[in-house]
Amino acid sequence: MPQAPAWALLSAPPRTQAPAPPPNLRSPRAPAPPLSRPRGSDGALGLETCTALVSEVISFPVVQLHLNRTAMRASQKDFENAMSQVKLLKKDPGNEVKLKLYALYKQATEGPCNMPKPGVFDLINKAKWDAWNALGSLPKETARQNYVDLVSSLSSSLESSSQVEPGTDRKSTGYETLMVTSEDGITKIMLNRPTKKNALNVEMYHEIMHALKAASKDDSAITVLTGNGDYYSSGNDLTNFTDIPPGGVEEKAKNGAILLREFVGCFIDFPKPLIAVVNGPAVGISVTLLGLFDAVYASDRATFHTPFSHLGQSPEGCSSYTFPKIMSPAKATEMLVFGKKLTAGEACAQGLVTEVFPDSTFQKEVWTRLKAFAKLPPNAMRISKEIIRNREKEKLHAVNAEECSVLQGRWLSDECMNAVVNFLSRKSKL
Ligand SMILES: CCCCCC/C=C/C(=O)SCCNC(=O)CCNC(=O)[C@H](O)C(C)(C)COP(=O)(O)OP(=O)(O)OC[C@H]1O[C@@H](n2cnc3c(N)ncnc32)[C@H](O)[C@@H]1OP(=O)(O)O
């Protein structure tokens, strides 16, 4: 499945057209885009325009221009300068900001939104339409000024926030979305998209599978999965639903089910002790997978939430089988069907979590314990895991296959589409 950066929401090309060239194929000195852009052949918001706008916004490095920030009203020149300034941003400002920029640009140049509302499946254009429409009758001059102000604030904040977070520079492992280290007999796989609450994008699914396969063969005795930042993981990255391949949503759902089945299969088959260090809240698939771990240690700040019904979806990660066994069918139903969020203490009482630690001493206590575990004879641990787990493996693979097939259908439902659109457009209302 093609990998979609988070900002694909805005920059994905229209299905029937050739994709816009990636930023690194563009001329570094390409001229600024004209202010007046042609309307798209789709007759709605102008998909070519949107695509061009956003990719240009991110990709054109041009000379630094200074904004006249003392002016009360932005002139046309200020506006043009701001458009150029946007292209100097070294860091992707995120979908929310790009939607704001898009909406303000449209309002400043064309006035209030006068396009028909895109259909519910047209996720990208619907998000753009929502953002523009939310500006109501904001005067063109005010939109222009707001655009200039927003770019000005972005220029300073993104420059200063370009520092690498501690530990995130360990690219030597070759992973983009993970930090993987191996020491003291422990391979640690750390989910590393802290600004997205460690949501699992397509790249991360692939990288986790790769890291697990490597860990199963390396010298370490145990393997640990944890999260960087305040979240363990917010589950599936909901922008995974946005880049629709030429085969349409059906192909997207089919590919997703194939990927999910392979991904969960790696956890079912993992041969060494696999331990989750749940450093903060966990959502969706990051919770359901816990039933396939050999031990789960949680900070008392962690929560466990599987809002599948809210999302029009159904359980995965073999949780439809493991959770009723671990915690009783009724308790599993509260979580998996009604979306009840558990505290770490509750999850421990239900048997999903092995032990809870105060957040203030969590890392120290857990890692001391894990280092002691990792000194145990590795073959004995591996064989003991095998005898505990092996008679369930076949059943787990069958459950996994069934869950993926059910989910494939769910992803095509209105309930699911609406929930995803609601999440993606929640912040685009200005
Ligand atoms: C191959 C496909 C396999 C599919 C497997 C099936 C899996 C199913 C699931 O996992 S279902 C669960 C899906 N997850 C969610 O529904 C959680 C959605 N996120 C949230 O509800 C909230 O973001 C939050 C409660 C996790 C955190 O809220 P808050 O503290 O207010 O932070 P923000 O919302 O501002 O988040 C910061 C930043 O992160 C982005 N983000 C967070 N989670 C996700 C996500 N799951 N998908 C995409 N993006 C996410 C959020 O948009 C913000 O981004 P921004 O700064 O706006 O660019």
Side-chain angles (χ1 to χ4, degrees), residues 1-10 91-101 123 127 131 154 157-158 161 177 191 193-209 227 229-243 245 251-267 280-290 301-320 335-336 339 341 400 403-411 415-416 418-429:
M1 190 151 54
Q3 291 168 3
W7 44 271
L9 169 65
L10 286 176
K91 230 176 138 187
D92 186 336
N95 285 339
E96 184 194 350
V97 170
K98 284 189 285 192
L99 279 169
K100 277 187 192 170
L101 287 170
L123 298 177
L154 276 178
S157 73
L158 287 182
S161 70
T177 66
L191 310 178
R193 298 182 73 216
T195 58
K196 298 290 176 187
K197 311 291 185 194
N198 297 322
L200 279 78
N201 61 7
V202 171
E203 186 173 24
M204 199 189 269
Y205 284 107
H206 284 287
E207 291 196 342
I208 292 172
M209 288 193 283
D230 60 343
Y231 261 65
Y232 175 66
S233 170
S234 62
N236 188 41
D237 189 317
L238 296 174
T239 66
N240 286 342
F241 289 102
T242 57
D243 66 325
E251 185 185 331
K252 178 87 194 166
K254 186 169 160 233
N255 291 343
I258 292 169
L259 175 60
L260 179 62
R261 186 172 169 183
E262 191 189 352
F263 178 73
V264 174
C266 288
F267 285 83
V283 186
I285 191 166
S286 73
V287 177
T288 56
L289 283 173
L290 295 176
R301 226 172 37 75
T303 51
F304 299 83
H305 192 200
T306 49
F308 297 130
S309 299
H310 301 73
L311 291 167
Q313 297 186 37
S314 52
E316 21 55 5
C318 295
S319 58
S320 63
M335 277 194 87
L336 298 175
K341 190 196 281 187
N400 182 27
E403 288 178 347
C404 293
S405 156
V406 171
L407 251 182
Q408 185 176 336
R410 284 279 84 213
W411 288 330
E415 288 178 346
C416 177
N418 287 337
V420 172
V421 168
N422 282 344
F423 176 79
L424 296 179
S425 56
R426 71 195 167 139
K427 289 184 184 168
S428 66
K429 311 253 187 292

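Throughout, residue positions are numbered sequentially from 1 according to the sequence presented. No hydrogens, no waters, no symmetry mates; every other heavy atom, side chains included, goes into these values. Because the structure is a prediction, the values reported are computed rather than measured. Both counts, for ligands and for their atoms, begin at 1 and track the order of listing.
- Of all the atoms in ligand 1, the ones that sit under 4.0 Å from a non-hydrogen atom of L259 are 1 (C).
- Counting the atoms of ligand 1 from 1 in the order shown, those under 4.0 Å from a heavy atom of A199 are 44 (C), 45 (C), 46 (N), 47 (N).
- The Y231 neighbourhood of ligand 1 comprises atoms 24 (C), 25 (C), 26 (C), 27 (C), with distances under 4.0 Å to a heavy atom of that residue.
- Checked against salt bridge (Lys or Arg N to Asp or Glu O under 4.0 Å), R261 has no partners two or more places apart in sequence or in another chain.
- Contacts with ligand 1 closer than 4.0 Å are made by heavy atoms of both the backbone and the side chain of L238.
- Near G235, meaning under 4.0 Å from one of its heavy atoms, ligand 1 places the atoms 10 (O).
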Requested in this report: Mind running side chain to side chain contact (heavy atoms under 4.5 Å, CB included) on L260 and I285 for me, showing each step along the way?
Outcome: CA-CA 10 Å; L260 179 62; I285 191 166; 3.4 Å; yes
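- Residue P281 forms a side chain to side chain contact (heavy atoms under 4.5 Å, CB included) with just one option from Y231, F304, Y232, and that option is Y231.
- Annotation: side chain of C266 is not in contact with side chain of I208 (no heavy-atom distance under 4.5 Å).
- Comparing heavy-atom distances from atom 12 (C) of ligand 1 across V287, L99, N198, L311 singles out L311 as nearest.
- Of all the listed residues (R261, E316, E403), E316 holds the heavy atom that lies closest to atom 7 (C) of ligand 1.
- Taking 4.5 Å as the limit, every side-chain heavy atom of R426 sits out of range of all side-chain heavy atoms of N422.
- Using a distance-only test at 3.5 Å, with no hydrogens or angles considered, no donor-acceptor pair links the side chain of E251 to the main chain of P245.
- In this structure, F241 and V421 have side chains that are not in contact, with every pair of non-hydrogen atoms separated by 4.5 Å or more.
- Backbone and side-chain nitrogen or oxygen atoms of Q313 are examined, and none is located within less than 3.5 angstrom of a nitrogen or oxygen of ligand 1.
- Residue N240 has no nitrogen or oxygen atom sitting less than 3.5 Å from a nitrogen or oxygen atom of ligand 1, judged on distance alone.
- Contacts with ligand 1 closer than 4.0 Å are made by backbone heavy atoms (N, CA, C, O) of T195 only, the side chain lying farther away.
- Contact atoms of ligand 1 toward R426: 23 (O), 33 (P), 34 (O), 51 (C), 52 (O) (distance under 4.0 Å to a heavy atom of the residue).
- Look at V202 and you'll find every heavy atom at least 4.0 Å from all atoms of ligand 1.
- Side chains of E207 and T177: a donor on one and an acceptor on the other come within 3.5 Å.
- Interface of K196 with ligand 1, defined as ligand atoms under 4.0 Å from a residue heavy atom, comprises 39 (O), 40 (C), 41 (N), 42 (C), 43 (N), 54 (O), 55 (P), 58 (O).
- Of the options F241, W411, F423, the smallest heavy-atom separation from atom 19 (N) of ligand 1 is shown by F423.
- For atom 15 (C) of ligand 1, the candidate residues are C404, S234, G284; the nearest heavy-atom contact is made by S234.
- Looking at heavy atoms from C-beta onward, V406 lies out of side-chain contact with E316 at the 4.5 angstrom threshold.
- The shortest N or O to N or O distance between I285 and ligand 1 is below 3.5 Å.
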Requested in this report: Step by step, work out the side chain to side chain contact (heavy atoms under 4.5 Å, CB included) result for V420 and L311.
Outcome: CA-CA 7 Å; V420 172; L311 291 167; 5.6 Å; no
